[in-house]
Amino acid sequence: MSASIIDGKAYAAGLRGRISDAVSALPGQPTLAVVLVGEDPASKVYVKNKIKFTIETGMRSVEHKLPANVSEDEVVEVVRALNTDDEVDGILVQLPLPKHLNENRVIEEIHPDKDVDGLTETSAGRLSLGKDGLRPCTPTGSVMLAKDALGDLTGKNCVILGRSILVGKPAAMLFLEQNCTVTIAHSRTENLSDVIGGADILVAAVGRPQMVQAEWLKPGACVIDVGINRIPHPDKPGKTYLVGDVDYKPSLDTAGSITPVPGGVGPMTIACLLRNTVLAACMRRGWKAPDNLSF
Ligand code: NDP
């Protein structure tokens, strides 16, 4: 068997195209505000890409750069000002924040209606209760790719490997919303390979390079690999490369479909952030939500 490759890069590009179309048909221009604290190189690259795609899809981008030694109260002040700025539809605080800042406190300051990362307690509560709200981006992208590969997910056994607040838990709620039978596995799970062997859909979000072995997979399973791990290159001394949480190459012979790393779930995260910005603008401003953004 040779698995079909789920091309997240292409799917994300298509989604950004649909977002552009949706934005051009709206009565106004949605605005995404990004707050970047400090000089972390990876965060700077993420923010640069977020701004680039925000503008490319026809939206307005506002950036707030704060020095690494900024006080927590000053960050909170910026977030509060963005909450009350009627022009701003979505607020994204780039994580991780420098160690002296309490991330939870800062995130909780974001108004839930502008919480385009879906990380506030209110957004998590709305997701758990099945109420309308903004859903976390990476888990949403994972569902989109699984649906793209399999169509209707009703009744599928879905194993989520990982129970983090950022990925595992919201992914479990989102696959449940798709009528999957969801199992959440974690570091204390017994007989992990057997649990994974029952999965029609495996969402691996564990942060351990190539941990999931090909022989653990149910033949034909849909594998959504969220993991992004940088490891030393075996042939190029001093160089590194990216791998997922699943041992990709051998899994091609077992899985029915699989996301590559890079080029799978990764590109979906920003595309879903842009989608959330449009949805947030529509909800807050009372515009009709575009019908080309559902999945
Ligand atoms: P966390 O470290 O917060 O969570 C990892 C989870 O994996 C925990 O629930 C942990 O269990 C579980 N785990 C750890 N070791 C094992 C093990 N040996 N067996 C079973 N379960 C285990 O990671 P995140 O959820 O934030 O991220 C997961 C991965 O996804 C990372 O590689 C990250 O880089 C990537 N990521 C990718 C994104 C993207 O855009 N594509 C966005 C966000 C993350 P326990 O709770 O018991 O400790």
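Counting starts at 1 for both ligands and their atoms, following the listed order.
One finds no salt bridge joining Arg126 and Asp132 here, because no Lys/Arg side-chain nitrogen approaches an Asp/Glu carboxylate oxygen to under 4.0 Å.
There is a side-chain donor-acceptor pair under 3.5 Å between Thr154 and Asp152. Using modelled atom types and a 3.5 Å distance limit, the side chains of Lys156 and Gln178 yield no donor-acceptor pair.
Listed by first then second residue, pairs satisfying salt bridge (Lys or Arg N to Asp or Glu O under 4.0 Å) with a partner in residues 163-184 read Arg135-Glu177, not counting sequence neighbours.
Side-chain contact between Lys218 and Asp200 is present, with at least one heavy-atom pair separated by less than 4.5 Å.
Between the side chain of Asp225 and the backbone N or O of Val246 there is at least one donor-acceptor pair closer than 3.5 Å.
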N/O pairs closer than 3.5 Å, ligand 1 and protein:
| from | atom 1 | to | atom 2 | distance (Å) |
| --- | --- | --- | --- | --- |
| ligand 1 | 9 (O) | Arg163 | N | 2.8 |
| ligand 1 | 11 (O) | Ser187 | N | 3.3 |
| ligand 1 | 15 (N) | Arg208 | NE | 2.7 |
| ligand 1 | 21 (N) | Ser187 | N | 3.2 |
| ligand 1 | 25 (O) | Ser164 | OG | 2.5 |
| ligand 1 | 32 (O) | Ile228 | N | 3.1 |
| ligand 1 | 34 (O) | Ile228 | O | 3.4 |
| ligand 1 | 40 (O) | Thr269 | OG1 | 2.8 |
| ligand 1 | 46 (O) | Arg163 | NE | 2.8 |
| ligand 1 | 47 (O) | Arg163 | NE | 3.2 |
| ligand 1 | 47 (O) | Arg163 | NH2 | 2.8 |
| ligand 1 | 47 (O) | Ser187 | N | 3.2 |
| ligand 1 | 47 (O) | Ser187 | OG | 2.5 |

